[in-house]
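These notes are about the structure you will find just below.
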2 protein chains.
Amino acid sequence: MAGRRTTTRERLVRTAAELFWRQGYAATGVNAIMQQAGATSGSFYHFFPTKEDLLLAVLDHVGEVVEDEVFGAAEVVTDDPIERIFAVVGFYRRHLEDNEFVLGSPLGTLAAELGEDHSQVRLKLEQLFASWAQRMEGLLDGVGKRLPASTDRTALARLVLSAVEGALIQSRVARSVAPFDAVTSQLQTYLGLLTSHDPTAAPAAMRVTSPPRQRSRELDWRAW
Amino acid sequence: MAGRRTTTRERLVRTAAELFWRQGYAATGVNAIMQQAGATSGSFYHFFPTKEDLLLAVLDHVGEVVEDEVFGAAEVVTDDPIERIFAVVGFYRRHLEDNEFVLGSPLGTLAAELGEDHSQVRLKLEQLFASWAQRMEGLLDGVGKRLPASTDRTALARLVLSAVEGALIQSRVARSVAPFDAVTSQLQTYLGLLTSHDPTAAPAAMRVTSPPRQRSRELDWRAW
DNA sequence: GTCTATACCCTGATAGAC
DNA sequence: GTCTATCAGGGTATAGAC
């Protein structure tokens, strides 16, 4: 288990990210992390004084991945801002399916679990959600005049984020994409209404294709 | 701590519901539950063979409370179906504020945390989410022809549920109602567009008042 | 149905050699 | 920076008297 091409610290963070994601923070013991990462207790506590310090590192890592592999990749896929929005949504959907519904949202899972303690963690989660929403708001800004001037893009971005987070929770417990797809279709309808300025029209301006599979393993969430 | 007017079983369930809600399932020890409920180990394991059995009882309890104290109460508040919808949303908002943002969604918190194991729990959560969505769909059906015939009410109900769940997570970590309010306003705009059949009109048909405070302690979530 | 006492394990974390 | 060995404490759960 020892001679990998990654550093021990990196393996610990990635392994912890996945285990926290699958099982939650409290349910994941440091022993399991160490074992799966091929590290020993001495290494672990050399890098991370406490389990919570590891969690903070995991959150930083998740933030980078979301930034690069979700939003970054969505911008590569298409130039159309609305398609980019649903490319982001599509990444979550595909990840859900690819992992047989055992993984929900990396941020949402932890944010839902962590309580009143963990104030540093809470702050970081808040910032990560805010970054996500800002990125989404940027995509909405790109839609330009197709959105009514009265539209609160900040709030709309939060709606998209919230809907995705809530849908992931439900699709995970249902082990089905149905809730997620229902929510996605409603977001499409809503954005269709906003951009078409005609509530009875079908949301024709939107292609609802999922984003294509990534070519590189590094662009795949499974590489987390 | 002994002589309450409730049964021991009941106190255990209610106490566990609150602690699971605040801290999560894994982070809440049975000792803490016993202590706060004023019960001893003998009593606890007399009623619940394992901690997971208690969790199942907690979920049943939460389901009843949501049914009665959220949807039931919302129907008492007003006759207008759209106002009822936002009365339901308003209950979550008020609860968030009343508890200083330490409590999110009783279902969402547990659903996000519980992983691949806990198959009974997963099934029950799935059913509870489905019940919630069906109740919401019933309210949407009540809106009648103000909603376009083409509207998928099942999907729309899921969107409302997802948006609320996601917004609660974000408001909890941000310790602010801002994300929740942003999401609520977007839901109002969307429903306004759907019911007005005119995307440029303000959603005038909707009064956005929060539901009034409940008179009886038993109608208050804090009595959970 | 409730009490006290306790078994037994796994947890996060530490010590000190290498 | 990594190893082995180990600690103290809390975790769930049990036993058996009352």
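Chain letters run A, B, ... following the sequence lines, proteins first, then strands; residues in each count from 1. Note that the structure is a prediction, hence the values are computed from the model and not measured.
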Would you call the rings of A/Y92 and A/W132 parallel, tilted or perpendicular if under 30° counts as parallel and over 60° as perpendicular?
tilted
Review item, nucleotides 7-9 of chain D N/O atoms under 3.5 Å of protein N/O:
none

Just N and O in the side chain of A/T40: are any of them under 4.0 Å from OP1 or OP2 of D/dC3?
yes
Going by heavy atoms in the side chains, are B/E75 and B/R135 under 4.5 Å from each other?
yes
At 4.0 Å (heavy atoms only), tell me whether B/G29 reaches a base, stays on the sugar-phosphate, or touches nothing.
sugar-phosphate
Separation of B/Q23 atom CD from D/dG11 atom P, in whole Å?
10 Å
With a 4.0 Å limit, can you tell me whether A/H46 has a side-chain N or O closer than that to the phosphate oxygens OP1/OP2 of D/dG1?
yes
Counting only side-chain heavy atoms from C-beta out, which of C/dT2, D/dT12, C/dT11 sits nearest to B/S43?
C/dT2
Give a yes-or-no answer on whether the side chains of A/R122 and A/S119 include a donor-acceptor pair shorter than 3.5 Å.
no
What do you reckon, is CD of A/Q120 surrounded by more than 12 foreign heavy atoms closer than 6.0 Å?
no
Using whole Å, report how far CD of A/E10 lies from P of D/dG1.
14 Å
Take the protein atom CE of B/M34 and the nucleotide atom P of C/dT4, then report the distance between them rounded to whole Å.
10 Å
Apply salt bridge (charged side-chain N to carboxylate O under 4.0 Å, His left out) to A/R93 and A/E97, showing your working.
CA-CA 6 Å; A/R93 183 192 197 276; A/E97 277 195 319; 3.2 Å; yes
Shortest non-hydrogen contact from B/F91 to B/V70?
CE1-O, 3.5 Å
Evaluate the criterion side-chain contact (heavy atoms from CB on, under 4.5 Å) for residue pair A/T151 and B/T189; output intermediate values, then yes/no.
CA-CA 9 Å; A/T151 297; B/T189 301; over 6 Å; no
Among D/dA13, D/dG11, C/dT14, which nucleotide has an atom closest to any side-chain atom of B/Y45?
D/dA13
B/N31 side-chain N/O to D/dG11 phosphate OP1/OP2 under 4.0 Å:
yes
Need the bend value for the helix from C/dG1-D/dC18 to C/dC18-D/dG1: angle between end axes, 5 pairs each end, nearest 10°.
0°
Quick one: A/L12 CG to C/dA13 P, roughly how many Å, whole number?
14 Å
Does the side chain of B/S162 pick up a donor-acceptor pair with the side chain of A/Q170 at under 3.5 Å?
yes
Between A/V164 and A/V183, is any pair of side-chain heavy atoms under 4.5 Å apart?
no
To the nearest Å, how far apart are B/I33 CD1 and D/dG11 P?
10 Å
Return the residues of residues 47-60 of chain A meeting this criterion: a heavy atom under 4.0 Å from some atom of DNA chain D. Order them by number, or give none.
A/F47
According to the interplanar angle, ranging from 0 to 90°, do the rings of B/H95 and B/W21 count as parallel (below 30°), tilted (30 to 60°) or perpendicular (above 60°)?
parallel
B/T184-B/D181 side chain donor-acceptor pair, cut-off 3.5 Å:
no
Heavy-atom check, side chain of B/E83 versus side chain of B/V77, under 4.5 Å:
no
Using a heavy-atom cut-off of 4.0 Å across all strands, would you classify A/S41 as base, sugar-phosphate, or nothing?
base
